[in-house]
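As structure tokens, the structure follows; a few thoughts come after it.
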Amino acid sequence: MHKPQIPNLPIPAPLVGSDAGSFTEYTVTQRMPDIARRVIIENKFPTEINQSLEKLAAELPSGYLQPLVNDTGADFSDWEKYLEPYKNQRWVDIPWFVAETYFYRLILNITNYFKPGEWQGVDPFELQKTQGLETSIDSIISLCTQLQQWLNESQQENQPSKSSLIALLYFALWGNRVDLSLWSAFEDDRSRFNIQTQLNNILVDDTFAVTKLLTKSQDNCIDLVVDNAGFELICDLCLVDFLLGSGFANQVYLHLKPHPTFVSDAMIKDVHYTKDFLLQSGNIQVQALGQRLTENLASGKLVLTEDYFWTSPLPFWEIPKTLKNELAKSNLIIVKGDANYRRLLGDRYWDFTTKFADIVSYLPVPMVALRTLKSEVAAGLKSEVIVELATIDPHWLTNGQWGVIQLVD
């Protein structure tokens, strides 16, 4: 029987910025203007670029979408199609996911990211990505030390350790705490947190089912849809290193963004930068991780790949056939982070108790979502949990203090 390519349920309305008092409204009218202004502060762009960025920041709260000028970007004609339905509309009135993805694409348009010349290929968020690594060095050292211990244990016992894998899945989940696009500008190092104290904050925890799935076969190929650079990427690379080094997987594909977006989202260049950062560390365990990553990249056990789908405003169920066919070869797709989760759900107003698997019924292979909640989109939660959360933490949906690890098998 042919499986439907879209969710098995009627699709609800998308989140929009004009929902009064919503986190969405706050994002479009306050967070996004702050991000545009921070690009001005953190770069040495000429006056005319800065003026255009300031104009964008000023227009977001109540102004209209500005068109994309042809900047020779590979996705320019796609964006013309994406924006067609929203011409002459205000930023706050169009679907939030479209507004956000377009906002980041427009920043690149304004800063001449794709245009041949002085600013071509200049990542407007570079500073925050590199600072994210430098400020979390203590956490990086302790995680790499712990990783080495787990790898040694796995090799001594001659079988991969499920408990170590579960711990690394938790690290990969909470590494998202350090995501820069959520913090208000200029906050301290967020990478110091204790995994144990976080367990109570996982609202759905399918980690055990994930380990069962991965112990079924020896030659697993795993696809990881990456979220942020910085400490979170380190957590992901530790997970990847363990999967390859302990025998849980013999190949891992990292799916990365083709251009800067959502402030700290990781690109292929960020993985290479992170690897070099690890190699240059004065700490032996940190260096060793960098060394193993280098070897796994050289041997093809670790593959870095990018696709413009990941920076598009499309929901996951509109994934291009070529990319879907690539993912179909996987034993497990790991989808990281809040924006990717929003894409899985089409960034729509699902009832929070809707069965997650009924929405994400369109993927060809098992998928696990690791996500800390940073937006008013969710599914697969128990109604009693929702009631309890409303009392103990009114901002549970958006403050990044709660997480889910949800498997669709």
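If you're wondering where the values come from, they're calculated on a predicted model, not measured in any experiment. Side-chain atoms are counted along with the backbone in the values below, which use heavy atoms only and exclude waters and symmetry mates. Position 1 is the first residue of the sequence; numbering continues from there.
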| task | Could you tell me whether the side chain of S217 reaches within less than 4.5 Å of the side chain of N220, counting heavy atoms only? | result | yes
Practice prompt. With the side chain counted from C-beta on, respond yes when L327 and K329 share a heavy-atom pair under 4.5 Å apart, and no when they do not.
Written response: no
Can the ring centres of Y308 and W79 be said to be less than 6.0 Å apart?
no
Query raised in the report: Can the ring centres of F45 and W119 be said to be less than 6.0 Å apart?
Result: yes
Worksheet item: Quick one: do the W402 and D393 side chains pair a donor with an acceptor below 3.5 Å?
Response: yes
Q.
Y113 vs D71, test: side chain to side chain contact (heavy atoms under 4.5 Å, CB included). Steps then yes/no.
A. CA-CA 8 Å; Y113 181 84; D71 55 10; over 6 Å; no
Any non-hydrogen side-chain atom of F23 less than 4.5 Å from a side-chain atom of E25? no
**Asked** Does the side chain of Q148 come under 3.5 Å of the side chain of R292 through a donor N or O and an acceptor N or O?
**Response** yes
Minimal heavy-atom distance between F316 and N340, with the atoms involved, is CD1-O, 4.4 Å
**Prompt:** Would H255 and D223 satisfy side-chain hydrogen bond (donor to acceptor under 3.5 Å, both in side chains), going step by step from the backbone distance to the final call?
**Reply:** CA-CA 7 Å; H255 295 268; D223 285 75; 2.6 Å; yes
Between the CD1 atom in I41 and the CG atom in D34, the distance rounded to the nearest 0.5 Å is 9.0 Å
Exercise. Look at the side chain of N112 and the backbone N and O of G117, then say whether any donor-acceptor pair between them is shorter than 3.5 Å.
Key: no
- Candidate pair T207 and V368, rule side chain to side chain contact (heavy atoms under 4.5 Å, CB included), full reasoning: CA-CA 9 Å; T207 42; V368 62; over 6 Å; no
Rounding to 0.5 Å, atoms CG (D241) and SG (C144) come to a distance of 8.5 Å
Would you call the rings of F125 and Y104 parallel, tilted or perpendicular, taking 30° and 60° as the class edges? perpendicular
For a side chain to side chain contact (heavy atoms under 4.5 Å, CB included) check, start with the C-alpha distance between E80 and L68, then their side-chain angles and the critical distance, and finish with the verdict. CA-CA 8 Å; E80 286 202 301; L68 199 62; over 6 Å; no
*Does one side chain, of N8 or D358, offer a donor that lies under 3.5 Å from an acceptor on the other?*
no
> Is K269 paired with E126 through a side-chain N to carboxylate O contact shorter than 4.0 Å?
Replying inline: yes
In W91, Y82, Y86, the residue satisfying ring pair (Phe, Tyr, Trp, His ring centres under 6.0 Å) with Y102 is W91
* To do: State whether a side-chain donor-acceptor pair under 3.5 Å links T353 with D351.
  => yes
Using the rule given for side chain to side chain contact (heavy atoms under 4.5 Å, CB included), can you reason through N228 versus L233, listing the C-alpha separation, both sets of side-chain angles and the distance that settles it, and then say yes or no?
CA-CA 6 Å; N228 297 299; L233 180 59; over 6 Å; no
| request: Could you check whether the rings of Y341 and F356 sit parallel, tilted or perpendicular, using 30° and 60° as the cut-offs? | output: parallel
Nearest heavy-atom approach of T27 to E100 is CG2-OE2, 3.7 Å
Distance col, row I284:CD1 vs T145:OG1, nearest 0.5 angstrom, shows 10.0 Å
Ion pair check, D270 and K257, cut-off under 4.0 Å
no
Under a 4.5 Å cut-off applied to non-hydrogen side-chain atoms, are V69 and N109 in contact?
yes
Original post:
Is a salt bridge present between D338 and K374, judged by a nitrogen-to-oxygen distance below 4.0 Å?
Top reply: no
Here the gap from Q406 atom CD to L381 atom CG, rounded to the nearest 0.5 Å, amounts to 6.5 Å
